[in-house]
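Residues take their numbers from the sequence shown, with the count starting at 1.
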Amino acid sequence: MKLKHFALESHCYFLTSTTKSKEQIFNNSTNAEILINIVYNIRKRNKFLLLGFTIMPEHFHLLIIPNEKVEISWIMQEIKKGSARLVNIKNNQKGKIWLDEFYDYIIRDEEDLIKHLNYIYNNSMKRGLAENSLQYPWSSSNPKFQTDLEKILSGSGMT
């Protein structure tokens, strides 16, 4: 069964995608860096505002606001296609690494945004991958990553 996705222009989305057979592909730092670079390259091309993310060993979560005329299905396709190609090359392998579908949820308001952002930040601690969310190397909770969250929370873009 194919999941239905709703598109609302200028809205924030919480997105999740899981690896095929829940393989722990992203417990490898090289693979996690590939996925992060793909996300940031698409952001750099002004396809979306990035509010938060976490990369777990077998899935990732994103909080984004797509730019006008950019569909979330295209964004997810680009992330999954690009990361699969580079992970396969880097690991000298072939084949799918992602499930075809992804989960999307439209953020209702700023309170809902904070709730989902906290979920992203705490995911690694809940799974025992980090003692402190600031130390988890593959999440926007880590201060080494830049996001567009301040633009949104200041009132300039949250719908």
Side-chain angles (χ1 to χ4, degrees), residues 5 11-67 70-107 112-153 157-158:
H5 301 288
H11 278 69
C12 182
Y13 287 85
F14 175 77
L15 304 170
T16 301
S17 191
T18 304
T19 59
K20 181 182 64 122
S21 303
K22 294 192 176 187
E23 294 176 35
Q24 297 205 356
I25 294 169
F26 299 102
N27 61 355
N28 170 315
S29 62
T30 301
N31 293 344
E33 285 178 27
I34 287 171
L35 183 53
I36 288 172
N37 286 337
I38 296 287
V39 168
Y40 273 89
N41 283 336
I42 296 170
R43 173 185 176 249
K44 192 166 114 180
R45 292 173 23 220
N46 297 315
K47 300 300 181 184
F48 57 78
L49 295 176
L50 178 63
L51 308 186
F53 71 88
T54 192
I55 297 174
M56 303 298 284
E58 75 291 340
H59 70 279
F60 70 86
H61 300 293
L62 293 176
L63 266 170
I64 65 168
I65 299 176
N67 274 347
V70 179
E71 295 184 17
I72 58 168
S73 57
W74 180 86
I75 292 168
M76 292 300 279
Q77 178 184 355
E78 290 296 299
I79 291 170
K80 290 163 58 170
K81 178 179 68 175
S83 62
R85 185 177 65 79
L86 293 175
V87 165
N88 279 335
I89 290 170
K90 191 72 172 173
N91 295 288
N92 198 22
Q93 63 188 30
K94 291 183 181 181
K96 286 176 54 170
I97 68 168
W98 297 106
L99 291 177
D100 289 337
E101 291 298 327
F102 64 90
Y103 171 80
D104 65 327
Y105 172 85
I106 298 172
I107 299 296
D112 200 20
L113 172 66
I114 298 301
K115 177 183 139 191
H116 282 82
L117 197 59
N118 284 330
Y119 179 84
I120 283 174
Y121 287 175
N122 294 320
N123 207 341
S124 61
M125 293 185 313
K126 203 157 105 177
R127 291 272 303 273
L129 299 173
E131 289 183 26
N132 180 322
S133 65
L134 298 173
Q135 297 171 338
Y136 188 62
W138 315 120
S139 172
S140 58
S141 62
N142 189 309
K144 72 180 180 181
F145 293 109
Q146 180 183 8
T147 68
D148 302 303
L149 186 62
E150 286 185 21
K151 292 178 193 174
I152 301 310
L153 292 180
M158 183 64 193

Minimal non-hydrogen separation, [X] against [Y], with atom names:
| X | Y | value |
| --- | --- | --- |
| Tyr121 | Ser141 | CD2-CB, 3.3 Å |
| Ser139 | Phe145 | O-CD1, 3.2 Å |
| Pro137 | Asn142 | CA-ND2, 3.8 Å |
| Leu51 | Cys12 | CD1-SG, 3.5 Å |
| Met56 | Phe26 | O-CB, 3.4 Å |

Steps toward side chain to side chain contact (heavy atoms under 4.5 Å, CB included) verdict (His59, Ser17) | CA-CA 6 Å; His59 70 279; Ser17 191; over 6 Å; no
Return the [atom1] to [atom2] distance between [X] and [Y], rounded to the nearest 0.5 Å.
| X | Y | atom1 | atom2 | value |
| --- | --- | --- | --- | --- |
| Ile64 | Leu62 | CD1 | CG | 6.0 Å |
| Leu63 | Ile152 | CG | CD1 | 11.0 Å |
| Ile97 | Glu23 | CD1 | CD | 8.5 Å |
| Lys96 | Lys81 | NZ | NZ | 15.0 Å |
| Ile65 | Ile72 | CD1 | CD1 | 13.0 Å |

Aromatic plane relationship, Tyr103 with Phe14 - under 30° parallel, 30 to 60° tilted, over 60° perpendicular = perpendicular
Would you mind checking if Asp100 and Lys20 are paired as a salt bridge, meaning a charged N to carboxylate O distance below 4.0 Å?
-> no
Trp98/Ser83 under side-chain hydrogen bond (donor to acceptor under 3.5 Å, both in side chains): CA gap, chis, key distance, verdict | CA-CA 9 Å; Trp98 297 106; Ser83 62; 3.0 Å; yes
Checking side-chain hydrogen bond (donor to acceptor under 3.5 Å, both in side chains) for the pair His61/Thr16: CA distance, chi angles, key distance, verdict?
-> CA-CA 5 Å; His61 300 293; Thr16 301; 2.7 Å; yes
Worked verdict on Leu149 versus Leu49 for side chain to side chain contact (heavy atoms under 4.5 Å, CB included) | CA-CA 8 Å; Leu149 186 62; Leu49 295 176; over 6 Å; no
Report the C-alpha separation of His116 and Tyr105 in whole Å, then their side-chain angles, then the decisive distance to 0.1 Å, and conclude whether the ring pair (Phe, Tyr, Trp, His ring centres under 6.0 Å) test is met.
-> CA-CA 10 Å; His116 282 82; Tyr105 172 85; 4.7 Å; yes
Residues 31-41 side chain polar contacts: donor-acceptor under 3.5 Å, at least two apart:
| unit_1 | atom_1 | unit_2 | atom_2 | d |
| --- | --- | --- | --- | --- |
| Asn31 | OD1 | Asn91 | ND2 | 2.9 |
| Asn31 | ND2 | Ile25 | O | 3.0 |
| Asn37 | ND2 | Glu33 | O | 3.2 |
| Tyr40 | OH | Gln146 | O | 2.7 |
| Asn41 | ND2 | Asn37 | O | 3.2 |

Report, one line per pair, each donor and acceptor closer than 3.5 Å where one atom sits in a side chain of residues 124-134; sequence neighbours left out.
| unit_1 | atom_1 | unit_2 | atom_2 | d |
| --- | --- | --- | --- | --- |
| Arg127 | NH1 | Glu58 | OE2 | 2.9 |
| Arg127 | NH2 | Glu58 | OE1 | 3.0 |
| Asn132 | OD1 | Leu134 | N | 2.7 |

